[in-house]
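The chain is numbered in sequence order, starting from 1. This one's a predicted model, so the numbers in the text were calculated from it and none came from an experiment.
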Amino acid sequence: MAVSMRDLDPAFQGAGQKAGLEIWRIENFNPVPVPKSSYGKFFTGDSYVILKTTASKSGALRHDVHYWLGKDTSQDEAGAAAIKTVELDAALGGRAVQYREVQGHETEKFLSYFKPCIIPQEGGVASGFKHLEAEKHKTRLFVCRGKHVVHVKEVPFARASLNHDDIFVLDTESKIFQFNGSNSSIQERAKALEVVQYIKDTYHDGKCDVAAVEDGKLMADPETGEFWGFFGGFAPLPRKTAGDDDKPTDSSPPKLLCIEKGQAEPVEAADSLKRELLDTNKCYILDCGVEVFVWMGRNTSLDERKSASGVADELVRGIDKLKPQIIRVIEGFETVMFRSKFDSWPQTTDVTVSEDGRGKVAALLKRQGVNVKGLLKADPVREEPQPHIDCTGHLQVWRVNGQEKILLQASDQSKFYSGDCYIFQYTYPGEDKEDCLIGTWIGKNSVEEEQASANSLASKMVESMKFLACQARIYEGNEPVQFHSIVQSFIVFKGGLGEGYKAYIAGKEIPDETYNENGVALFRIQGSGPDNMQAIQVEPVASSLNSSYCYILHNGPAVFTWSGNSTSAEDQELVERMLDLIKPNLQSKPQREGSESEQFWDLLGGKSEYPSQKIVREAESDPHLFSCHFSKGNLKVTEVYNFSQDDLMTEDIFILDCHLEVFVWVGQQVDPKSRLQALTIGEKFLEHDFLLEKLSSVAPIYVIMEGSEPPFFTRFFKWDSAKSAMLGNSFQRKLTLVKSGGAPLLDKPKRRTPVSYGGRSSSVPDKSQRSSRSMSVSPDRVRVRGRSPAFNALAATFENPNARNLSTPPPVVRKLYPKSVTPDSAILAPKSAAIAALSSSFEQPPSARETMIPRSLKVSPVMPKPNPEKIDKENSVGTRVESLTIQEDVKENEVEDEEGLVIHPYERLKITSTDPVTSIDITKRETYLSSAEFKEKFGMSKDAFYKLPKWKQNKLKMAVQLF
């Protein structure tokens, strides 16, 4: 499309050069910039043009252009807004998606720019603006609809406006009421509270009371009575009448129309929609009922596009139409929604997309002294991916063998076979507690039975930990950086050791290619450093070489290292490190590309051609958030635009699609059946590929439970851990935030300063701080990373090393582990002593040697007795702990301790009790113990216990079955 200077409105010059929002109001048929201070304020008598510019991770700029039409805007102004939108798109290079937004029927994408809502004001340019803030406050009633974004509409202030299905906000001079219809969902109620907060801040300067009124609640409640008083008293609500917003959507099949000389003509033979029906020299309309798409070919002129937009506007003015949304797309830049309407749409279309239009616009603007940096295509920015996980934790690995799992020795837990499946458990320091990642690694040549067994065993491990661990499903060749950083020195051998692989090759009568250290083997060495390096066994032929990599080739004791011409000194250093793991204590023969020995080529079967380009993984793309509904094997998703942490509702399941990996977030209030299907939901999402982005079916999937979000998930949000730790449903949480002024009412512990292991002090070490970990090769103990001597002592006391099955994780006392483990009553006394020792270790800093060199200690089963003087001191009656939540009314049969607090015996308070106490706060069971029994179980007084951080308290409560 040709671009000339006359096509550029002066108001649009320099638009879209940087990420953000830009708004123009149509005044006398011309766009006038709106001050940023007025963004989000719309007047019902006006029309607006809104430009949203988004910077992708690759550095390119994407544009969405919307034109918003107030309910009282004139037809001429609406037409001017539509035409100016086309002109703005031309100025941006003809790639923007254009949306028609009608007041009350806005798209969710548009509303997401102005969260939590927009409340259009009466008036406009023609009639003059009304300064509502100068007038006396007017009582108003609003109806709120929507789970992810809220459509707010002012309705008449009358009882007849209320119904049982919607949520209403009554804004009075001194108080804001939210009325929750009995048929409304919790999520809708929570979102409506954001509107309440907005009204409170905007129209009351944040100074007014807020009340929630439940539909059907008795008048005895003071706030309920006050609410109904504004309507003349309580009376039954009428049935909801169907309005414009409730009309059924048009379910008729899409109709394709071609624009010829300003007229829309049906396309013949369009019973089956195919991409081939669209001609690059024409414009088309796809009428889908509630949505009308305008498709503009790349070779169409600006006038033709303006004409097509006018035809679409005329089309939707029909009396029986439901004010449909108009979406205009350019050939080559069609939206997913548009492409999904076609039965056949090729993955790639033969369209020549040049920078001509954008370049010409940039040249014109540059002559006028405008900075045109944003209009030109930016060079992709490639950064080394970071693990976003603490790499000083404790790793255990099992190999799946049929329906069982076999624990690997520390020296073998980084050596995987392509024909096998593995389960790994990684426990590491979190923000205020120990976090855990449990995952499966699926070899390319593993059998389906063991793949299913691996996922099942891993799911059971997560379930046994009350779903507090994050679960991962990883396929060979698609490992994320987190996995490589955890394992560090990762080696993948050909073949397999498991029953499944051996049975498979025996049944197929194919040769066993399992790695043989005495045979010929070739390994490609790759990675970013000593803490992230891999050796991948490949076919021992010359064509497996690549000039961008280093290799290790061996035939028994004969070892060669080969360095491609494009490799660096760092790459060659990784070869030496990997050589120590694959062929230790053997001298290698270095080979440089172009000067190899004959013996080297003979082992590879002779010379042949090989590639020189490095294998480059796809760059991480911009994330997309979807809410999910999974029923009877069918998955339905809804995209949440411009998402934030507040969009994650505790009643729902969400998917965060990052293209290279997928996160399935499960709220605490999700039913148990759906929770168990989380991994299946992630697999279904990859299968459907809702964004048509060529998702890989073997992309990593993470299942994350609310409250246990790992840092490599929270990095996509501005995360507040206190919000995810709140109790109650979404509405109760939001109501607490609104009433408390926006701050979660939590006693959130301060972030723990991680102990430095091997010179590391950061929970997510920088590249310069991370170093290669030494690995214990002792066959009789599991490698322990980042575990203090106190934890080893405690674990040794809790477990019987002779009886423990090595195929299960050692029961380290952490919040992540099962609450249902019933200890032998005979070892309760040593446990108390162990806990006392652990508690005292919390208050004493480790020695310099213990800090620098983590090690496991052999401990005697008899633990040292607590210091009597210290116990007497701690047991002195002091100030009463404020966090105790015990009812003030004491029943006659209840016993009180010396402080006047209600107490119960330990046997009735523990979580495995056969005769549990009722009517207590189950999150604070320890508060109901007598002082003597508390000291017996915890080895300290209550005062000393409550001085510990929350996460330490929970560890101790877990150990004595009170949590």
Can a donor-acceptor pair be found, under 3.5 Å and without considering hydrogens, that links the side chain of [X] to the backbone of [Y]?
X    : Y    : answer
E651 : S730 : yes
Q178 : R189 : yes
R25  : F42  : no
E22  : G16  : yes
E226 : T224 : no
H151 : E106 : yes
T107 : F110 : yes
S184 : G181 : yes
N28  : N30  : no
S161 : F157 : no

Could you tell me which non-hydrogen atom of [X] sits nearest to which non-hydrogen atom of [Y], and how far apart they are?
X    : Y    : value
G667 : M705 : O-SD, 4.1 Å
I119 : C117 : CG1-SG, 4.1 Å
I23  : G40  : CD1-N, 4.5 Å

Going by heavy atoms in the side chains, are [X] and [Y] under 4.5 Å from each other?
X    : Y    : value
E639 : F690 : no
D221 : E214 : no
Y67  : Q98  : no
F654 : F643 : no
N163 : F168 : yes
Y99  : Q325 : no
L625 : L656 : yes
L69  : R100 : yes

Before giving the answer on salt bridge (Lys or Arg N to Asp or Glu O under 4.0 Å), spell out for R328 and D89 the whole-Å C-alpha distance, their side-chain angles and the decisive distance to 0.1 Å.
CA-CA 10 Å; R328 302 195 290 253; D89 170 58; over 6 Å; no
Can you establish whether the number of heavy atoms outside D671 located under 6.0 Å from its atom CG is more than 12?
yes
Quick check: are there more than 12 heavy atoms from other residues, nucleotides or ligands sitting under 6.0 Å from NZ of K175?
yes
Relative to each other, are the rings of F227 and F231 parallel, tilted or perpendicular (30° and 60° limits)?
tilted
Residue among I50, V97, L51 satisfying side chain to side chain contact (heavy atoms under 4.5 Å, CB included) with D64
V97
Pair [X] + [Y]: basic N to acidic O under 4.0 Å:
X    : Y    : value
E194 : K734 : yes
D622 : R62  : yes
K191 : E188 : no
E706 : R733 : yes

Using 0.5 Å steps for rounding, measure from the CG atom of D166 to the CZ atom of F179.
10.5 Å
Could you tell me the separation between the OG1 atom of T172 and the NZ atom of K138, rounded to the nearest 0.5 Å?
14.5 Å
Between K115 and D646, does a salt bridge (Lys or Arg N to Asp or Glu O under 4.0 Å) hold up when you go through it step by step?
CA-CA 11 Å; K115 288 183 178 179; D646 291 336; over 6 Å; no
Hey, mind stepping through T638 and H148 against side chain to side chain donor-acceptor pair (under 3.5 Å) and telling me if it holds?
CA-CA 9 Å; T638 302; H148 307 301; 5.0 Å; no
H66 and ring-ring contact (aromatic ring centres under 6.0 Å, His included): which partner among F114, Y113, Y48?
Y113
